[in-house]
Amino acid sequence: MTRHPDSLERLRAQLATFAAERDWDQFHNPKNLAMALAGEAGELVEHFQWLTFEQAANLPGTTREEVALECADVLLFLLRLCDKLDIDLAAAAEKKLRLNAKKYPVEKSRGKATKYNKL
């Protein structure tokens, strides 16, 4: 069995406690959490809208900190969604990496941004 990274499991537990202390479980159903996750991902994307590749790769310090907090929001909502659906996020991510390794073999995909069905 795949083990959660300790930090991810600790974060999941802290988040569950945080929500429970505020009586937010009543709002944290999978639909609402998925919608909140999409909203936070949109807020993350806003920081990069209209930037060149160079600008996006070299964000000013304050923008980089804002991006870090938006990344945290995305992670927290994703983790909460997985908790509510009893999904082991670390195990699911490891499984997805294995599946992607089969879909994108190194010898066919190295240096290419081509979708697996077009390789």
(Q) Using the rule that Ile, Leu, Val, Met, Phe, Trp and Tyr join whenever any side-chain heavy atoms are under 4.5 Å apart, tell me whether L8 and I87 fall into a single cluster. (A) yes
Q) Taking all non-hydrogen atoms of both residues, which atom of L33 and which atom of K84 are closest, and how far apart? A) CD1-CG, 3.7 Å
Q) Taking all non-hydrogen atoms of both residues, which atom of L89 and which atom of C82 are closest, and how far apart? A) CD1-SG, 3.8 Å
Q: Kindly give the heavy-atom pair with the smallest separation between F18 and R22, and that separation in Å.
A: O-NH1, 3.0 Å
Q: Answer yes if L51 and V67 sit in the same cluster of Ile, Leu, Val, Met, Phe, Trp and Tyr residues linked by side chain heavy atoms under 4.5 Å apart, and no otherwise.
A: yes
Q: Please report the closest heavy-atom contact between L119 and S109, naming both atoms and the distance.
A: CD1-CB, 3.9 Å
Q) Do L76 and L85 sit in the same hydrophobic cluster, where Ile, Leu, Val, Met, Phe, Trp and Tyr count as joined when their side-chain heavy atoms come under 4.5 Å apart? A) yes
Q.
Please report the interatomic distance CG(L11) to CG(L75), rounded to the nearest 0.5 Å.
A. 5.5 Å
Q: Rounded to the nearest 0.5 Å, what's the gap from OH on Y104 to CG on L97? Could you check?
A: 12.5 Å
Q. Which value, rounded to the nearest 0.5 Å, describes the distance between L69 atom CG and H47 atom NE2?
A. 8.5 Å
Q: Please say whether more than 12 non-hydrogen atoms of neighbouring residues, nucleotides or ligands are located less than 6.0 Å from CG in D86.
A: no
Q | Over all atoms of both residues, closest heavy-atom pair of C71 and L44 | A | SG-CD1, 3.9 Å
Q.
Please determine whether side chain to side chain contact (heavy atoms under 4.5 Å, CB included) holds for the pair L59 and F48, giving the CA-CA distance in whole Å, both sets of side-chain angles, and the decisive distance to 0.1 Å.
A. CA-CA 9 Å; L59 296 173; F48 297 96; 3.8 Å; yes
Q) So how far is it from Q14 CD to E9 CD, rounded to the nearest 0.5 Å? A) 10.5 Å
Q. What distance do D73 atom CG and L78 atom CG have between them, rounded to the nearest 0.5 Å?
A. 12.5 Å
Q. From K103 NZ over to N100 CG, what is the distance, rounded to the nearest 0.5 angstrom?
A. 5.5 Å
**Q.** Minimum heavy-atom distance between D83 and A16, given as atom pair plus value
**A.** OD2-CB, 3.9 Å
